Amino acid sequence: MMKNKPIALVLLALLIFIRNTSGSSQDDQGQLQVGFYAKTCPHAEAIIHEVVRRAVVADPRNAAILLRLHFHDCFVEGCDGSILINNDLDGELKAAGNAGVAGFDIIEDAKARLESACAAVVSCADIVALAARDAVSLSNGPFYQAPTGRRDGRISKMSLAADLPDVDDSIEVLKSKFTQKGLSHKDLVLLSGAHTIGVTACFFLQNRLYNFASTGGSDPAIHPLFLPKLKAKCPLNGDVNVRIALDRTSQFIFDDQILYNIRGGFAVIASDARLNDDDDTRQVLVSYLRGSKRSNKTRPSFKEDFTAAMVNMGKIDVKTGSKGEIRRVCSAVN
């Protein structure tokens with residue numbers, strides 16, 4: 001028996017090693033799940049919802065601000081809260097594509113309340129995702145189950161945000177950028193539909209109105225009746241910080257009007273208008289419109305499909321398990 005004891009100890013150690021290694025691998029490849037905090041912080045989603053509700057009541061523009069924040073976070077290093085890191089020297093927030101991104105104070109408010117309720121449990125990345133979900137529902141949009149379990153990234157560099165989708169990108173470039181993130185051309189149309197709420201700045205319309213495709217003219221996709229209105233709002237050499245509604249009829253209400261605007265030549269920003277330039281994206285766009293070849297019964301639901309696209313986006317390059325961290329404050333790594 002004594003002769004076999006060293007062998008038994010070696011086998012036992014090997015089994016423990018294999019089990020621990022397997023467990024670590026599983027942690028590294030952990031998946032998001034609905035209700036991730038049900039046991040560790042059962043009131044997490046309610047706390048976030050209340051913070052967002054107060055922010056949207058105080059200023060309805062905050063709904064679109066939080067929605068945009070989630071998009072810009074996910075498209076750089078994945079949905080890991082890296083856009084929240086306050087890196088004055090070289091943070092991703094300083095990238096040109098992130099100009100005007102805001103909502104950080106709302107996220108920090110939610111984080112502070114969560115830290116009081118259950119310290120070091122809820123990630124900033126999940127707060128951003130849930131805040132965007134609640135912002136949509138508080139704007140007359142759909143409420144959906146948002147999977148959680150993301151951990152926070154530790155890297156925030158301006159250079160990593162160099163390839164964000166841009167308002168002046170061609171439809172080919174936009175499709176390519178979405179494909180690189182694992183998103184389809186259908187997701188591109190649906191996520192562009194988020195522009196049903198919110199505003200943009202005249203800064204983002206300069207090329208479209210006054211130097212489209214370096215021609216010195218305006219984008220021909222703009223409806224002739226709409227072009228003078230846009231130019232009146234954003235005159236040449238005017239104040240580029242003036243805000244203009246992305247949906248001219250219902251900027252605070254989440255609905256499908258933005259799709260009709262795009263199809264009819266009333267899109268405000270060029271990237272929305274480009275959805276009409278491509279057979280794939282145009283077919284998706286038209287499929288949601290009344291008067292299309294589909295009947296009311298067979299026409300897909302924009303709101304339902306939008307939530308599916310949001311869930312898809314929320315899975316981009318997430319960090320779970322032992323990857324990343326749970327920040328104590330969202331603006332700084334631990």
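Everything quoted here is computed from the prediction, not taken from an experiment.
Remark: Glu50 engages Arg53 in a salt bridge, criterion side-chain N to carboxylate O under 4.0 Å. The existence of a salt bridge linking Asp169 and Lys177 is confirmed by a sub-4.0 Å separation between a basic side-chain nitrogen and an acidic carboxylate oxygen. Contact check on Asp278 versus Lys175 returns a salt bridge, with a Lys/Arg side-chain nitrogen under 4.0 Å from an Asp/Glu carboxylate oxygen. A salt bridge links Arg133 with Glu45: the closest approach of a Lys/Arg side-chain nitrogen to an acidic carboxylate oxygen falls below 4.0 angstrom. With respect to Glu325 and Arg154, a salt bridge is recorded, a charged nitrogen being found less than 4.0 Å from a carboxylate O. Here Lys323 does not pair with Asp317 in a salt bridge; the nearest charged N to carboxylate O distance is not below 4.0 Å. Salt bridge present: Asp305 and Lys186 bring a charged side-chain N and a carboxylate O closer than 4.0 Å.
Because its NZ or CZ atom is both nearer than 6.0 Å to the ring centre of Phe226 and within 45° of the ring axis, Arg248 counts as a cation-pi partner of that residue.
Other residues, nucleotides and ligands contribute only 12 or fewer heavy atoms inside 6.0 Å of the NE2 atom of His43. The environment of NZ in Lys157 is sparse: at most 12 heavy-atom neighbours from other residues, nucleotides or ligands sit within 6.0 Å. Other residues, nucleotides and ligands contribute at most 12 non-hydrogen atoms within 6.0 Å of the NZ atom of Lys233. Heavy atoms from other residues, nucleotides or ligands lying under 6.0 Å from CZ of Phe143 number more than 12. Counting heavy-atom neighbours within 6.0 Å of Lys315 NZ, excluding the residue itself, gives a total of 12 or less.
Taking CG from Asp280 and CD1 from Ile171, the interatomic distance works out to 9.0 Å, rounded to the nearest 0.5 Å.
Put simply, the side chain of Arg208 does not reach to within 4.5 Å of the side chain of Ile269, judged on heavy atoms.
Under a hydrophobic clustering in which Ile, Leu, Val, Met, Phe, Trp and Tyr are joined whenever their side-chain heavy atoms come within less than 4.5 Å, directly or via other members, Phe104 and Ile127 fall into the same cluster.
Classified by interplanar angle (parallel below 30°, tilted 30° to 60°, perpendicular above 60°), the ring pair Phe75/Phe71 is parallel.
With respect to Arg274, the side chain to side chain donor-acceptor pair (under 3.5 Å) criterion is satisfied by exactly one of Asp277, Asp272, Asn276: Asp277.
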